[in-house]
Student: 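After the structure tokens below, expect a handful of questions from me.
Basis for what follows: all heavy atoms, side chains included, without hydrogens, waters or symmetry-related copies. So that the names make sense, note that chain A is the first sequence line, chain B the second, and so on, each numbered from 1.
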Protein chains: 2
Amino acid sequence: MPDLDESKKRCARVAALLKSLAHPQRLFLLCRLAKGETTVGDLRAASGASQPLISQHLTRMRREGLVLARREGNHVHYRIADPRLAGLIQTMEKTFNE
Amino acid sequence: MPDLDESKKRCARVAALLKSLAHPQRLFLLCRLAKGETTVGDLRAASGASQPLISQHLTRMRREGLVLARREGNHVHYRIADPRLAGLIQTMEKTFNE
DNA sequence: AAACAATATTAGAATATCTTAATATACTAA
DNA sequence: TTAGTATATTAAGATATTCTAATATTGTTT
């Protein structure tokens, strides 16, 4: 019986991560980002959400360490920070593809 | 550019599912259930949460179709409804195992 | 510098979630 | 039928999330 406390801690960490994924628009953004680096403008165009809202979602995910930002001139490029997350998102897309 | 709307709908569905997983105690319960059918009492003992709270979490997950319940005498046995979900949970456990 | 484009931040109201406490139901055993 | 055990439901306050609107920042171009 492997460490119950350890298991709970892991659940707490993963649940915190999932909280960020558990939102239609954020998940949509992450699915896009899982395919490669993207600018805010492109994400905005694809998602159709308002600019401040997208920015808030991205800021939140940046704060939580899910994504990384890189400014290039007037545009900011976002990407997924941890390849394991990108993998998980793609797994989920495959798993629930219909 | 393959169905943007379809992609959004899928994100909405999966995000709704993830909302249920995005809670430390519920995720813990699901991790347990991913290993096989379990009674409420056992879940309660393992999780250490209060009885009504566990029952509410289970009721919610039942309502959302994540788990199924089966009464046997005085005890109620729960199990994960969709094997894909069990698989996803195990994948997550492996992915974030440290 | 001024005007513009892209992105970020803040504030606040509306809504949803979480937890505890109290109570109810379903079943078993005496 | 009464008592006891296991599980479920309801109500309500506390806390957290979400969205919109207004404004700020950063960088570019003229």
Side-chain angles (χ1 to χ4, degrees), chain A residues 8-9 11-30 32-33 37-81, chain B residues 8-9 11-33 36-81:
Chain A
K8 284 184 193 170
K9 274 182 204 158
C11 284
R13 269 193 303 110
V14 175
L17 167 68
L18 290 179
K19 249 184 166 180
S20 279
L21 310 201
H23 185 286
Q25 299 188 44
R26 282 195 300 268
L27 188 56
F28 180 83
L29 297 178
L30 286 169
R32 284 271 149 162
L33 292 171
E37 205 182 47
T38 313
T39 67
V40 177
D42 287 346
L43 292 172
R44 173 161 149 48
S47 79
S50 75
Q51 182 271 317
L53 190 46
I54 291 204
S55 190
Q56 282 177 84
H57 286 317
L58 290 171
T59 298
R60 172 199 171 135
M61 295 195 285
R62 220 176 35 207
R63 187 185 346 115
E64 315 233 316
L66 274 66
V67 300
L68 296 171
R70 165 176 80 79
R71 180 177 275 272
E72 192 172 311
N74 233 343
H75 296 254
V76 176
H77 299 250
Y78 277 83
R79 65 189 186 281
I80 293 190
Chain B
K8 282 184 194 170
K9 275 181 204 159
C11 283
R13 270 193 302 111
V14 175
L17 166 68
L18 291 179
K19 249 185 169 181
S20 278
L21 309 202
H23 185 286
Q25 298 188 44
R26 283 196 298 267
L27 188 56
F28 180 83
L29 296 177
L30 287 169
C31 285
R32 284 271 150 162
L33 292 171
E37 205 183 46
T38 314
T39 67
V40 177
D42 287 345
L43 292 172
R44 173 160 150 48
S47 79
S50 75
Q51 181 272 315
L53 191 45
I54 291 202
S55 189
Q56 283 178 99
H57 286 317
L58 290 171
T59 297
R60 172 198 172 138
M61 295 196 286
R62 221 176 36 210
R63 189 188 342 116
E64 315 235 315
L66 273 67
V67 300
L68 296 170
R70 163 177 82 80
R71 180 176 276 271
E72 193 172 312
N74 232 344
H75 296 253
V76 177
H77 299 251
Y78 277 84
R79 65 189 186 282
I80 292 189

Student: Picking from dT19(C), dA8(D), dA6(D), which would you name as closest to the side chain of Val76(B)?
Tutor: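 The closest nucleotide is dA8(D).
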Student: Select from Gly73(A) and Lys19(A) the residue whose nearest nucleotide in DNA chain D is closer to the 5' end of that strand.
Tutor: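 The residue mapped nearer the 5' terminus is Lys19(A).
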Student: How far does CZ of Arg44(B) sit from OG of Ser55(B), to the nearest 0.5 angstrom?
Tutor: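 Reported to 0.5 Å precision, the distance equals 11.0 Å.
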Student: What's the spacing between Leu43(A) CG and His77(A) NE2 if we round to 0.5 Å?
Tutor: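 Going from the CG atom of Leu43(A) to the NE2 atom of His77(A) covers 11.0 Å.
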Student: Search all heavy atoms of Leu68(A) against all heavy atoms of Ala81(A) and return the closest pair with its distance.
Tutor: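 Distance-wise, the nearest heavy atoms are CG-CB, 3.7 Å.
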Student: At less than 3.5 Å, do the side-chain atoms of Gln51(B) and the base atoms of dA6(D) form a donor-acceptor pair?
Tutor: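 No, no donor-acceptor pair under 3.5 Å.
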Student: What is the distance, to the nearest angstrom, from the CZ atom on Arg44(A) to the P atom on dA8(C)?
Tutor: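 Rounded to the whole Å, the gap is 12 Å.
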Student: Heavy atoms only, 4.0 Å cut-off, all strands: where does His77(A) land among base, sugar-phosphate and nothing?
Tutor: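 Here His77(A) touches no strand at all.
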Student: Examine the base of dT20(C) for any acceptor or donor lying under 3.5 Å from a partner atom in the side chain of Gln56(B), and report the outcome as yes or no.
Tutor: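 Flag set: donor-acceptor pair detected.
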Student: If the cut-off is 4.0 Å, is Arg62(A) near the phosphate of dT9(C), judged by side-chain N/O to OP1 or OP2?
Tutor: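 Affirmative; the distance criterion is met.
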Student: Judged by modelled atom types alone, do Tyr78(A) and Arg62(A) share a side-chain donor-acceptor pair under 3.5 Å?
Tutor: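 On atom types as modelled, these side chains qualify, holding a pair under 3.5 Å.
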Student: Please give, in whole Å, the distance from dA16(D) P to Glu64(A) CD?
Tutor: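 About 14 Å, once rounded to whole Å.
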Student: One thing to verify: whether Glu64(A) and Lys19(A) come together as a salt bridge, which I'm taking to mean a side-chain N less than 4.0 angstrom from a carboxylate O.
Tutor: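 No, no charged N to carboxylate O under 4.0 Å.
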Student: Taking any heavy-atom pair under 4.0 Å as a contact, classify Ser55(A): base, sugar-phosphate, or nothing.
Tutor: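 Counting heavy atoms under 4.0 Å across all strands, the contact made by Ser55(A) includes a base.
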Student: Check whether any side-chain nitrogen or oxygen of Thr39(B) sits under 4.0 Å from OP1 or OP2 of dA6(D), and answer yes or no.
Tutor: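 So the side-chain polar atoms of Thr39(B) never come under 4.0 Å of the phosphate oxygens OP1 or OP2 of dA6(D).
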Student: Could you tell me whether the phosphate oxygens of dA6(C), OP1 or OP2, come under 4.0 Å of any side-chain nitrogen or oxygen in Tyr78(A)?
Tutor: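 Answer no for this pair, as no side-chain N or O of Tyr78(A) is under 4.0 Å from OP1 or OP2.
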Student: If you compare every side-chain N and O of Ser50(A) against the phosphate oxygens of dC19(D) (OP1, OP2), does one of them come in below 4.0 Å?
Tutor: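 False: Ser50(A) side-chain N/O out of range (4.0 Å or more) of dC19(D) OP1/OP2.
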Student: Regarding Glu72(B), tell me which of base, sugar-phosphate or nothing describes its non-hydrogen contacts under 4.0 Å with the strands shown.
Tutor: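 Since no nucleic acid heavy atom lies under 4.0 Å of Glu72(B), the category is nothing.
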Student: Taking the side chain of Asn74(A) as its heavy atoms from C-beta onward, which of dA8(C), dG27(D), dT18(D) lies nearest to it?
Tutor: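 Of dA8(C), dG27(D), dT18(D), dG27(D) is nearest to the side chain of Asn74(A).
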Student: Hey, is the side chain of His75(A) poking within less than 4.0 Å of OP1 or OP2 on dA5(C), counting only N and O atoms?
Tutor: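 False: His75(A) side-chain N/O out of range (4.0 Å or more) of dA5(C) OP1/OP2.
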Student: Kindly determine whether Ile80(A) and Leu66(A) satisfy side-chain contact (heavy atoms from CB on, under 4.5 Å), including the steps that lead there.
Tutor: CA-CA 6 Å; Ile80(A) 293 190; Leu66(A) 274 66; over 6 Å; no
Student: Would you check, one step at a time, whether the test side-chain contact (heavy atoms from CB on, under 4.5 Å) holds for Leu30(A) with Val67(A)?
Tutor: CA-CA 9 Å; Leu30(A) 286 169; Val67(A) 300; 4.0 Å; yes
Student: Could you check whether Arg71(B) gets within reach of a base, just the sugar-phosphate, or nothing at all, counting any heavy atom under 4.0 Å?
Tutor: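 Since only primed, P, OP1 and OP2 atoms lie under 4.0 Å of Arg71(B), the category is sugar-phosphate.
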Student: Among Arg63(A), Arg60(A), Arg26(A), His57(A), find the one that has a side chain to side chain donor-acceptor pair (under 3.5 Å) with Ser20(A).
Tutor: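 Testing Ser20(A) for a side chain to side chain donor-acceptor pair (under 3.5 Å) against Arg63(A), Arg60(A), Arg26(A), His57(A) leaves exactly one candidate, Arg60(A).
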Student: For dT17(C), does OP1 or OP2 lie under 4.0 Å from any side-chain N or O of His57(B)?
Tutor: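 It does not, given that no N or O in the side chain of His57(B) lies less than 4.0 Å from OP1 or OP2 of dT17(C).
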Student: Roughly how many Å is it from CG in Leu53(B) to P in dT7(D), rounded to a whole number?
Tutor: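 Atom CG in Leu53(B) sits about 15 Å away from atom P in dT7(D).
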Student: Pairing of DNA chain C as dot-bracket, 5' to 3': ( ) intra-strand, [ ] crossing, | other strand, . unpaired, with Watson-Crick or G-U pairs under 3.5 Å?
Tutor: ||||||||||||||||||||||||||||||
